[in-house]
Amino acid sequence: ATDFQSLTHPDDLGADLELAGQLLRGRLDTYQLEKRYFHKAGHVVHVLLAVSLVRGPEGGPGYFVCQIQDITERKRAEGELRESRSQLALALDAAHAGVWSLDLGTGTFASSGRARELHGRPADAPMGHAEALRCVDPDDRPRVEAALRRTLEAGARYQVEYRVAGHDRWLAAFADVQPGPGGPRLVGLVQDVTDRRRAERALRESEERYRVLFEYSSDAHLIFDEADGILDCNRAAVEMDATARRRGHHRFDWAHRRFDGEVFPCEVTLTPVTLGGRTVLLVVWHDLTARKQAEDALRASEERFQAFMDNAPFAAWMVDEDTRGVYASRGFGRLTGLPPAALLGRTSADLFPPAIAAHHRANNTRVLATGEPLEDEEGFVRPDGSAGVALVVKFPVGAAPGRLVGGVAIDVTERKRAEAALRASEERYRTVVQALAEGVVVQDRAGAVVACNDRAPAILGLTADQLKGLT
């Protein structure tokens with residue numbers, strides 16, 4: 001490269017040249033611009049460019065003073081924040097869940113928009129702890145309050161399922177006591193388990209319908225003066241000046257106060273420059289408020305994500321392109337009986353029987369190849385050594401190359417066993433009823449026929465469809 005223009009990313013060159021032109025024409029005294037440069041090694045470097053024009057004795061352009069600050073790490077942090085938020089939203093969406101917290105000292109209740117929607121309220125409507133309790137079906141409210149008392153008195157994990165008042169919806173709430181800035185607080189999630197409850201109810205009702213047919217049952221400081229500049233300073237300030245002169249520049253973070261009294265974080269850069277035959281310090285102040293806010297938001301997002309994963313009622317994990325584990329939640333340990341660290345650097349073939357591991361790898365490979373999420377039932381080994389079945393959602397995380405596969409899983413072993421048992425029971429009663437020589441019909445409260453064996457319509461010379469619905 002022979003000049004800065006050839007080092008500049010083509011998409012950023014126009015804006016830079018336009019601002020430089022305005023500076024030369026006297027329309028601007030200085031300007032700042034975020035732009036990209038090409039590093040000698042070939043990768044892109046994000047910078048914050050600050051440019052001033054020093055004019056000669058007659059007012060003509062003399063030379064530019066440019067300050068280039070590497071902000072690549074800030075850009076990376078902002079990207080990680082967006083990715084972390086995306087992963088959290090994807091995991092919450094896959095689990096049909098929302099997050100909530102209760103400050104045990106102040107009683108302050110906070111919840112996500114999804115959590116409020118699950119309770120039958122608008123996502124943007126405020127909802128305190130009292131309002132959340134009023135959203136619980138009155139018949140379930142004592143059970144919810146008793147579960148909360150057990151958690152507060154004994155430190156037990158908060159875990160309860162309840163119905164939403166005025167809605168045909170079941171929710172499951174889980175939480176643990178976590179340390180907070182102002183004292184302990186409950187941090188957890190609420191998950192829509194209506195489909196599971198409906199499936200259980202449908203299976204019970206199916207069994208009950210056929211059972212009825214047989215049984216009839218259911219540091220530094222400076223003092224400035226506007227006229228005279230620095231009036232006094234401490235040793236640390238002197239050392240900063242000396243460091244800048246010795247090294248050629250000195251950069252440090254500092255807390256500044258605006259004219260309105262607001263204190264804000266600032267990065268100060270001291271650079272010795274020659275001006276009018278004298279060596280003076282060029283001082284550049286860069287407001288770090290946005291970067292600090294981004295860093296704080298990233299930390300808070302990571303803490304929320306970790307609290308969510310630690311308290312989630314499902315297992316969660318991520319594997320790399322070689323299907324080796326890079327992350328496992330506490331729920332993974334509860335599901336398999338293995339410590340979460342057991343997955344790190346290992347594949348399913350290291351942990352599970354060959355047939356189960358092959359199924360896991362096939363699904364991982366499919367997600368990596370298609371870039372699309374999938375839902376399937378996968379086998380695993382339960383903590384007691386028995387074979388289990390999990391409902392699994394797998395999805396891509398990030399872009400190729402380096403793409404990961406994320407997964408969440410819920411143990412449905414008992415549900416599968418219950419379904420099989422109910423189907424077997426239903427088949428036994430169906431066989432007995434169909435073998436009867438007499439016709440058998442079942443009527444609802446209005447007297448309409450809703451079910452019958454084969455003999456009943458034959459006696460009346462009707463088909464089963466013609467018999468059903470008759471009163």
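Atoms considered below: every heavy atom in the structure, side chains included; atoms not considered: hydrogens, waters and symmetry mates.
Side chain of Arg141 to main chain of Leu133: a donor-acceptor pair is present (N/O by atom type, distance under 3.5 Å, no hydrogens or angles). The backbone N or O of Leu189 lies less than 3.5 Å from a partner atom in the side chain of Trp100, making a donor-acceptor pair. No donor-acceptor pair closer than 3.5 Å links the side chain of Glu153 to the backbone N or O of Arg150. Of the possible donor and acceptor atoms, one in the side chain of Ser112 sits under 3.5 Å from a partner among the backbone N and O of Ala115. Distance alone, capped at 3.5 Å, places no donor-acceptor pair between the Ser301 side chain and the Ala297 backbone. Listed for the Arg116 side chain is a donor-acceptor partner under 3.5 Å among the backbone atoms of Ala123. No side-chain donor-acceptor contact under 3.5 Å links Asp140 to the backbone of Val136. Side chain of Thr72 to backbone of Val45: no donor-acceptor contact under 3.5 angstrom is found. Formation of a donor-acceptor pair under 3.5 Å by the Asp411 side chain with backbone atoms of Leu335 is not found in this model. With hydrogens and angles ignored, the 3.5 Å screen pairs no side-chain donor or acceptor of Asp322 with any backbone N or O of Arg324.
The shortest distance between side-chain heavy atoms of Arg121 and Cys135 falls below 4.5 Å. Two residues are said to be in side-chain contact when any heavy atoms from C-beta on lie closer than 4.5 Å; Leu104 and Pro184 meet this criterion. Put simply, the side chain of Arg157 does not reach to within 4.5 Å of the side chain of Thr151, judged on heavy atoms. The side-chain heavy atoms of Asp310 and Ser329, taken from C-beta on, include no pair separated by under 4.5 Å. Counting only heavy atoms from C-beta outward, the side chains of Val284 and Val268 never approach each other to under 4.5 Å. A 4.5 Å side-chain heavy-atom check between Tyr31 and Leu23 finds at least one atom pair inside the cut-off. A heavy-atom distance below 4.5 Å is found between the side chains of Asn364 and Val319. Between Thr289 and Pro265 the shortest side-chain heavy-atom distance falls below 4.5 Å.
In this structure, the separation between OG1 on Thr365 and NZ on Lys394 is 9.0 Å, given to the nearest 0.5 Å. To the nearest 0.5 Å, the span separating NE2 on His360 from CD on Glu378 amounts to 4.5 Å. Atom CZ of Arg25 sits about 5.0 Å away from atom CZ of Arg27, to the nearest 0.5 Å. Taking CD from Glu18 and CG from Leu28, the interatomic distance works out to 9.0 Å, rounded to the nearest 0.5 Å. Distance check: Thr30 OG1 to Gln67 CD gives 10.5 Å after rounding to the nearest 0.5 Å. Taking CG from Leu186 and CZ from Phe109, the interatomic distance works out to 10.0 Å, rounded to the nearest 0.5 Å.
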Derivation and outcome, side-chain contact (heavy atoms from CB on, under 4.5 Å), residues Leu49 and Asp16: CA-CA 9 Å; Leu49 175 67; Asp16 194 4; 3.8 Å; yes
Test side-chain contact (heavy atoms from CB on, under 4.5 Å) applied to Val177 and Arg185, step by step: CA-CA 6 Å; Val177 178; Arg185 58 177 180 164; over 6 Å; no
Residue pair Glu161, Arg196: steps toward the side-chain contact (heavy atoms from CB on, under 4.5 Å) verdict: CA-CA 12 Å; Glu161 293 189 4; Arg196 191 199 77 202; 2.7 Å; yes
Residues Gln69, Glu267; criterion side chain to side chain donor-acceptor pair (under 3.5 Å); working and verdict: CA-CA 10 Å; Gln69 179 189 357; Glu267 182 181 74; 2.7 Å; yes
side-chain contact (heavy atoms from CB on, under 4.5 Å) evaluation trace for Arg382 with Thr336: CA-CA 5 Å; Arg382 306 179 88 190; Thr336 64; over 6 Å; no
Glu372 vs Arg366, salt bridge (charged side-chain N to carboxylate O under 4.0 Å, His left out): CA-CA, chis, key distance, verdict: CA-CA 8 Å; Glu372 298 292 333; Arg366 179 179 170 188; over 6 Å; no
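In this model, a donor atom of one side chain and an acceptor atom of the other lie less than 3.5 Å apart for Thr323 and Arg361. Side-chain atoms of His167 and Asp137 include no donor-acceptor pair closer than 3.5 Å. For the 3.5 Å distance criterion, the side chains of Thr243 and His250 fail to qualify, holding no donor opposite an acceptor. There is no side-chain donor-acceptor pair under 3.5 Å between Tyr37 and Asp70.
Here the closest non-hydrogen pair linking Ala409 and Val392 is CB-CG2, 3.8 Å. Scanning all heavy atoms of the two residues, the minimum distance from Glu321 to Arg403 falls at CG-O, 3.2 Å. When all heavy atoms of Asn311 and Ala307 are compared, the closest pair comes out as ND2-O, 2.7 Å. Between Ala342 and Leu338, the closest heavy-atom pair is CB-CB, 4.2 Å. Taking all atoms of both residues into account, the shortest heavy-atom contact from Leu24 to Arg55 is O-NH2, 3.4 Å. When all heavy atoms of Thr413 and Gly388 are compared, the closest pair comes out as OG1-CA, 3.2 Å.
A salt bridge does not link Arg291 with Glu73: every distance from a Lys NZ or Arg NE/NH1/NH2 to an Asp or Glu carboxylate oxygen is 4.0 Å or more. Using a cutoff of 4.0 Å between basic side-chain nitrogens and carboxylate oxygens, Glu302 and Arg299 are not scored as salt-bridged. We find that Arg74 and Glu34 are joined by a salt bridge, their nearest charged nitrogen and carboxylate oxygen being less than 4.0 Å apart.
Taking the ring centre of Phe264 as origin, the terminal cationic atom of Arg258 falls inside the region bounded by 6.0 Å and 45° from the ring axis.
Among Arg197, Arg163, Arg198, the one residue that satisfies the salt bridge (Lys or Arg N to Asp or Glu O under 4.0 Å) test with Asp168 is Arg198.
For His9 and Phe38, the ring centers are positioned less than 6.0 Å apart.
Note on ring orientation: taking the six-membered ring where Trp is involved, the planes of Phe308 and Phe305 are tilted (angle from 30° to 60°).
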